[in-house]
There are 2 protein chains.
Amino acid sequence: MSTVRGARERARIEVTAAIKDEARRMLAAEGAAKLSLRAVARELGMVSSALYRYFPSRDELLTALIIDAYDSIGAAAEQADARALDAGAAPRERWGAVCEAVRAWALDHPHEYALIYGSPVPGYSAPMDTVGPASRVGNTFINIVRAAHAGRGLALPPLPAVLRPEAVRMTADFAEGLPAEVTAALVAAWAQLIGLISFELFGQFNRVVEDRAAFFTHAADQLAHGVGLPAV
Amino acid sequence: MSTVRGARERARIEVTAAIKDEARRMLAAEGAAKLSLRAVARELGMVSSALYRYFPSRDELLTALIIDAYDSIGAAAEQADARALDAGAAPRERWGAVCEAVRAWALDHPHEYALIYGSPVPGYSAPMDTVGPASRVGNTFINIVRAAHAGRGLALPPLPAVLRPEAVRMTADFAEGLPAEVTAALVAAWAQLIGLISFELFGQFNRVVEDRAAFFTHAADQLAHGVGLPAV
DNA sequence: TTACTTCGAGAGCACCGCTCTTGTTTTGGG
DNA sequence: CCCAAAACAAGAGCGGTGCTCTCGAAGTAA
């Protein structure tokens with residue numbers, strides 16, 4: 001299906017990739033606010049208007065970078081889980097490994113992290129294309145909890161009467177087979193994990209938390225406890 | 001001390017306030033990215049260069065808005081706690097009331113929330129002036145936990161050996177008299193609370209969480225449990 | 001070869017943050 | 001009271017931005 005038809009299409013693919021690469025370089029270096037189409041075009045030796053043949057607007061370019069960032073952090077999480085699994089880790093250890101991997105990715109790619117988990121900068125709502133890659137990290141956590149649940153090693157967290165099962169509705173393929181209590185606790189833990197990382201990254205822990213790595217490890221483990229993963 | 005010296009100073013104060021008000025209006029309407037000095041000046045019937053007599057740069061204006069936003073959300077939290085206290089609420093109920101107030105403020109002021117708890121947009125590090133107002137919400141939670149601790153109604157959360165007491169170092173006036181376990185759990189809970197609100201506000205709960213109010217109430221109560229506040 | 005599509009380049013529009021200069025107004029001390 | 005000093009509004013201008021339009025060159029398909 002990926003038969004390269006001619007020089008034209010091949011060139012288009014290459015130029016598109018070059019634009020994205022240069023844009024990602026600038027994003028990593030200066031942040032999303034400083035990323036300009038004109039600067040990217042200048043660096044690539046083309047004129048700014050030519051760039052619009054490949055991306056219809058600056059926001060579209062940013063969206064492409066957002067998708068790449070989601071894929072990048074998602075891959076980091078999946079690889080960390082796979083490594084832990086290979087090492088015969090228990091669910092709670094896998095949870096910790098993935099948390100650490102997510103934090104490490106965020107510290108390594110602060111501007112890309114801010115792009116996806118900070119304020120949504122381009123216009124407002126995320127396009128449909130982003131939801132797939134965006135859920136890779138979440139799915140990794142779900143797999144871990146599902147494994148624990150299948151192995152009967154999951155302590156059900158309490159669910160108050162006020163929270164109806166429908167309140168936490170998951171996309172069909174991922175709620176499958178998990179009790180509502182677990183999905184609710186899982187989603188909350190996931191949001192809280194990002195809150196911890198965001199606070200550290202955005203400077204809210206300045207003059208408050210000293211040893212941030214140790215603090216994060218502890219907090220992540222508490223989150224694992226909260227979703228019912230038994231201590232090792 | 002606030003003796004108004006002359007018409008000149010009075011005018012300066014008024015114009016400065018008018019600029020901030022108009023800027024806040026635009027921030028609330030369109031977001032920080034769309035806020036422009038020229039548009040503010042235009043709306044106020046002055047020329048853009050005149051505005052630089054009052055704010056040396058766009059970032060300085062944004063910083064002023066950030067401080068106001070911190071004060072606004074801080075006041076909302078304090079008032080909610082005061083109301084709960086007047087109603088004779090237990091610490092855990094006060095905690096819930098403040099959480100709800102913070103979330104309500106965020107939903108009412110999404111762009112201002114994004115400005116202070118989303119990606120740090122102006123340059124990078126927050127100036128010193130912001131740390132005072134920024135800690136008002138956190139101090140509210142500290143007061144609640146301190147009250148519970150003084151009343152012997154606080155269950156100490158576990159602190160693993162890996163997390164030394166120095167790891168969570170607080171500014172002197174607010175760690176005072178609280179065990180390290182509690183401060184650590186408190187800071188984590190505070191970060192996690194912001195994570196929950198950010199996920200809801202930034203669209204990460206789309207197609208995932210249905211009844212967000214009930215979900216938040218439940219999660220906030222779990223956080224209260226995590227810091228050791230006893231159930232009512 | 002011919003008709004069609006795609007592309008790069010350039011000019012241009014409206015907007016932005018910010019600086020500098022030029023008069024005018026207000027202030028405060030001699 | 002008057003006058004120098006300070007604060008001010010206004011305008012022009014610089015370099016930058018996102019984006020549009022047109023035009024000629026180059027690749028594609030008949």
Side-chain angles (χ1 to χ4, degrees), chain A residues 3-20 22-27 29-66 111 115 120-124 127, chain B residues 3-20 22-27 29-66 111 115 120-124 127:
Chain A
T3 50
V4 180
R5 310 273 303 198
R8 180 131 257 173
E9 296 190 17
R10 188 164 18 218
R12 180 166 188 85
I13 294 175
E14 274 180 24
V15 174
T16 304
I19 292 172
K20 277 212 308 192
E22 183 58 37
R24 184 167 22 244
R25 257 203 56 249
M26 293 191 169
L27 171 64
E30 303 267 13
K34 302 278 186 171
L35 190 153
S36 86
L37 287 187
R38 291 182 112 109
V40 171
R42 208 178 303 129
E43 206 71 17
L44 263 54
M46 41 168 94
V47 90
S48 71
S49 61
L51 213 143
Y52 284 83
R53 300 272 178 200
Y54 300 91
F55 292 92
S57 75
R58 179 181 180 272
D59 280 5
E60 292 282 335
L61 214 195
L62 265 182
T63 300
L65 294 184
I66 288 176
H111 290 120
L115 196 60
V121 31
Y124 224 111
Chain B
T3 50
V4 178
R5 307 276 302 198
R8 179 130 257 173
E9 296 191 18
R10 187 160 23 215
R12 179 166 187 86
I13 293 175
E14 272 181 28
V15 174
T16 305
I19 292 172
K20 276 213 309 192
E22 183 58 37
R24 182 166 24 243
R25 257 202 57 248
M26 293 192 169
L27 170 64
E30 303 268 13
K34 302 277 185 171
L35 189 153
S36 84
L37 287 187
R38 291 182 112 109
V40 171
R42 207 179 304 128
E43 206 71 18
L44 263 54
M46 41 167 94
V47 90
S48 71
S49 60
L51 215 143
Y52 284 83
R53 300 266 175 203
Y54 301 90
F55 292 93
S57 76
R58 180 182 180 273
D59 280 4
E60 291 282 336
L61 215 194
L62 264 182
T63 300
L65 294 184
I66 288 176
H111 290 119
L115 195 60
V121 32
Y124 226 111

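A, B, ... follow the sequence lines: proteins, then strands. Residue 1 opens every chain.
Residue B:Ser48 is classed as a base contact, given a heavy-atom separation below 4.0 Å to a base. Note on B:Leu35: only backbone sugar-phosphate atoms sit closer than 4.0 angstrom, heavy atoms only; bases stay farther off.
For the helix from C:dT1-D:dA30 to C:dG30-D:dC1, the terminal axes (five pairs an end, C1' atoms, rotation from four pairs onto the next four) enclose an angle of 0°, given to 10 degrees.
Shown here are the side-chain contact (heavy atoms from CB on, under 4.5 Å) partners of A:Arg12, two or more places apart in sequence or in another chain: A:Thr16, A:Tyr54. Applying the side-chain contact (heavy atoms from CB on, under 4.5 Å) criterion to B:Glu60, with sequence neighbours excluded, gives B:Pro56, B:Ser57. Qualifying side-chain contact (heavy atoms from CB on, under 4.5 Å) partners for A:Ala50, counting only residues two or more places apart in sequence or in other chains: A:Met46, A:Val47. Residues satisfying the salt bridge (charged side-chain N to carboxylate O under 4.0 Å, His left out) test with A:Arg42, not counting sequence neighbours, are none. In this structure B:Ser36 satisfies the side-chain contact (heavy atoms from CB on, under 4.5 Å) test together with B:Arg38, B:Ala39, sequence neighbours excluded. The side-chain hydrogen bond (donor to acceptor under 3.5 Å, both in side chains) test applied to A:Arg25 returns A:Glu22, not counting sequence neighbours.
The distance from atom CG of A:Leu62 to atom P of D:dT17 is 15 Å, rounded to the nearest whole Å. In this structure, CD of A:Glu9 is placed 13 Å from C1' of D:dA29, rounded to the nearest angstrom. A:Glu30 has its CD atom 15 Å from the C1' atom of D:dT17, to the nearest Å. Counting to the nearest Å, the C1' atom of D:dG18 and the CG atom of A:Leu51 are 11 Å from each other. Atom OH of B:Tyr52 and atom C1' of D:dG13 are 14 Å apart (whole Å). In this structure, NZ of B:Lys34 is placed 13 Å from P of D:dG18, rounded to the nearest angstrom. One can place CD of B:Glu14 at 13 Å from P of D:dC8, the figure rounded to the nearest angstrom. The CG atom of B:Leu37 sits 16 Å away from the P atom of D:dA10 (whole-angstrom rounding).
Under 4.0 angstrom from either OP1 or OP2 of D:dA7 there lies no side-chain N or O belonging to B:Arg53. Between B:Ser49 and D:dG11, a side-chain N or O to OP1/OP2 separation shorter than 4.0 Å is absent. A:Arg12 has a side-chain polar atom (N or O) that falls below the 4.0 Å cut-off from OP1 or OP2 of C:dC7.
Ranking D:dC19, C:dG10, C:dG8 by closeness to the A:Tyr54 side chain, first place goes to C:dG8.
The two residues B:Ala41 and B:Ser48 have their closest heavy-atom pair at CB-CA, 3.7 Å. Heavy atoms only, all atoms of each residue included: A:Lys20 and A:Ala64 are closest at CD-CB, 3.8 Å.
Side-chain atoms of A:Leu65 and A:Leu35, non-hydrogen and from C-beta on, do get closer than 4.5 Å to each other.
Atom CG in A:Leu115 sits 10.5 Å away from atom NE2 in A:His111 (nearest 0.5 Å). Between A:Glu14 atom CD and A:Ile19 atom CD1 the span is 12.0 Å, to the nearest 0.5 Å. The distance from the CE atom of A:Met26 to the CG atom of A:Leu37 is 10.5 Å, given to the nearest 0.5 Å.
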For nucleotides 1-5 of chain C, which of its nitrogen or oxygen atoms have a protein nitrogen or oxygen under 3.5 Å away, and what is each distance?
none

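Within residues 38-47 of chain A, the residues approached by DNA chain C to less than 4.0 Å at the level of any non-hydrogen atom are A:Arg38, A:Met46, A:Val47, in residue-number order.
Sequence order on DNA chain D of the closest nucleotides to A:Pro56 and B:Ala50 puts B:Ala50 first from the 5' end.
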